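Working notes, beginning with the structure itself.
The model shown is predicted, which means the values in this text are computed figures rather than measured ones. A note on names: the letters A, B, ... follow the listed sequences, proteins ahead of strands, and every chain is numbered from 1.
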2 protein chains.
Amino acid sequence: MNNPLSDKDCAELFKALADEIRLKILHSLYDSEKCVTDLMDELQLAQSHVSHHLKTLKVAGLIQSRRDGHKMCYSLSPDVKTNLSKTRKESLDLGCCEVKFK
Amino acid sequence: MNNPLSDKDCAELFKALADEIRLKILHSLYDSEKCVTDLMDELQLAQSHVSHHLKTLKVAGLIQSRRDGHKMCYSLSPDVKTNLSKTRKESLDLGCCEVKFK
DNA sequence: GATTTCCATCAAAGAATCTTGATTCTTTGA
DNA sequence: TCAAAGAATCAAGATTCTTTGATGGAAATC
């Protein structure tokens, strides 16, 4: 996940981020691991609705899952939580976040 | 553009970035100001096609335009080119770029 | 004023995405 | 083995986005 991506692949990642609900899920997982039921309660959404968004995030490589009994626990991918430790370059200031092109 | 945005507004910005052509346009404008015809030639796309994407980027606040004769010149918004000068926090590593939540 | 260049907008078709309810699958515990 | 809990997948309708061709408008040149 650290090699430079094509514009096409990059666009795919932005698509995964381009949804209010998925951003809320990422914020929630930033705090701690959650199962589908936790997220249903927190976001007040139907089970299948949450599952679909989780799949989108997982396919994009943004989150990972592990089974715990009959619960599936979701958390941010390791790559997503790594610290920034490189020289500073030009960046896109998006208000809520900064996008820094390599 | 520097105040924190809601997840909804943030998702809107990611939507603007979630397209291969629009990323190519941003990369092109990162180098220098361009008019629609320049981008048509560069990307090999129909004029209305380019105009539509430019509008999406402009509505999102990512680019700006100015008229020069009968050409419309597009360039990155000032905010987009500002340097990062804050303490480092956790970030999303997207390969082609890093997204750093404030 | 007429023509040309450059571009925005309109209209429409097709593709992709979002959302919901129903069904199916996996795991656990009785 | 059966029932129940938790979650993935399927199917379908609604909405949004992408892309194209056609039309029209603003600025420059003749």
Side-chain angles (χ1 to χ4, degrees), chain A residues 6-29 32-77, chain B residues 6-29 32-77:
Chain A
S6 66
D7 283 331
K8 187 171 181 177
D9 291 338
C10 192
E12 288 305 310
L13 282 168
F14 281 126
K15 269 180 204 160
L17 292 169
D19 182 273
E20 183 180 1
I21 292 169
R22 289 196 291 274
L23 289 180
K24 287 186 191 306
I25 290 175
L26 288 175
H27 289 156
S28 179
L29 296 185
S32 64
E33 187 182 61
K34 302 275 168 63
C35 70
V36 179
T37 307
D38 292 336
L39 293 168
M40 286 171 62
D41 294 342
E42 191 175 323
L43 304 175
Q44 289 292 298
L45 296 174
Q47 179 267 317
S48 67
H49 196 178
V50 172
S51 278
H52 278 300
H53 283 303
L54 287 169
K55 182 169 188 181
T56 300
L57 290 169
K58 191 173 179 186
V59 167
L62 296 170
I63 64 173
Q64 60 187 0
S65 62
R66 72 175 180 86
R67 181 171 283 282
D68 174 25
H70 39 212
K71 291 186 179 181
M72 286 294 283
C73 297
Y74 286 87
S75 57
L76 293 187
S77 292
Chain B
S6 66
D7 283 330
K8 187 172 182 178
D9 291 338
C10 193
E12 289 305 310
L13 281 168
F14 280 126
K15 267 180 207 160
L17 293 169
D19 182 272
E20 183 181 0
I21 293 169
R22 289 195 291 273
L23 290 181
K24 288 186 191 304
I25 290 175
L26 289 175
H27 288 156
S28 179
L29 296 185
S32 64
E33 188 183 60
K34 302 275 168 62
C35 71
V36 179
T37 306
D38 292 335
L39 293 168
M40 285 171 61
D41 294 342
E42 191 176 323
L43 304 174
Q44 289 292 297
L45 295 174
Q47 178 266 316
S48 67
H49 196 179
V50 172
S51 278
H52 272 123
H53 283 303
L54 286 169
K55 181 168 188 182
T56 299
L57 290 169
K58 191 173 179 186
V59 167
L62 296 169
I63 64 174
Q64 61 186 1
S65 62
R66 73 176 179 87
R67 181 171 283 281
D68 174 25
H70 41 212
K71 290 187 179 180
M72 285 294 283
C73 297
Y74 286 87
S75 57
L76 293 187
S77 291

Would you mind telling me which residue lines up with the more 5' stretch of DNA chain C, A/Ile21 or B/Ser51, judged by nearest nucleotide?
->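 Comparing both residues, the 5'-ward one is B/Ser51.
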Protein-nucleotide distance ([X], atom [atom1]; [N], atom [atom2]), rounded to Å:
X: B/Tyr74; N: C/dC6; atom1: OH; atom2: P; answer: 15 Å
X: A/Gln44; N: C/dT19; atom1: CD; atom2: C1'; answer: 16 Å
X: B/Arg66; N: C/dC6; atom1: CZ; atom2: P; answer: 16 Å
X: A/Glu12; N: C/dT17; atom1: CD; atom2: C1'; answer: 12 Å
X: B/Gln47; N: C/dC6; atom1: CD; atom2: P; answer: 11 Å
X: A/Leu17; N: C/dC18; atom1: CG; atom2: C1'; answer: 17 Å
X: A/Met72; N: C/dT28; atom1: CE; atom2: C1'; answer: 15 Å
X: A/Leu43; N: C/dC18; atom1: CG; atom2: P; answer: 15 Å

Using atom types as modelled and distance alone, determine if a side-chain donor or acceptor of B/Arg22 lies under 3.5 Å from a backbone N or O of B/Lys24.
->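 Not at all, since once roles are kept as given, no pair shorter than 3.5 Å links the two residues.
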Is the backbone of A/Asp38 close enough, under 3.5 Å, to the side chain of A/Asp41 for a donor and an acceptor to pair up by distance?
->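 No, because the side chain of A/Asp41 does not come within donor-acceptor range (under 3.5 Å) of the backbone of A/Asp38.
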Which heavy atom of [X] sits nearest to which heavy atom of [Y], and what is that distance?
X: A/Ser65; Y: A/Lys58; answer: OG-NZ, 2.7 Å
X: B/Ala60; Y: B/Leu13; answer: O-CD2, 3.3 Å
X: A/Leu57; Y: A/Ala16; answer: CD2-O, 3.9 Å

Contact nearer the 5' end of DNA chain D, comparing A/His70 with A/His52 =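 Checking each residue's closest nucleotide, the 5'-ward one belongs to A/His70.
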Could you tell me whether [X] contacts a base, only the sugar-phosphate backbone, or nothing, with contacts defined as non-hydrogen atoms closer than 4.0 Å?
X: B/Leu45; result: nothing
X: B/His53; result: sugar-phosphate
X: A/Thr37; result: sugar-phosphate

Which nucleotide span of DNA chain D, 5' end to 3' end, has atoms closer than 4.0 Å to non-hydrogen atoms of chain B?
->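 Range of nucleotides touched by chain B: D/dC17 to D/dA28.
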I'd like to check [X] versus [Y] (side-chain heavy atoms, cut-off strictly below 4.5 Å). Are they in contact?
X: A/His52; Y: A/Thr56; result: no
X: A/Ile25; Y: A/Tyr74; result: no
X: A/Leu26; Y: A/Ile63; result: yes

Would you call B/Glu12 and B/Lys8 a salt bridge, using N to O less than 4.0 angstrom?
->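 Not counted as a salt bridge, because no side-chain N and carboxylate O are separated by less than 4.0 Å.
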What stems, by residue range, does DNA chain C take part in, given at least 3 consecutive Watson-Crick or G-U pairs under 3.5 Å?
->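 Correct response: C:1-30 with D:1-30.
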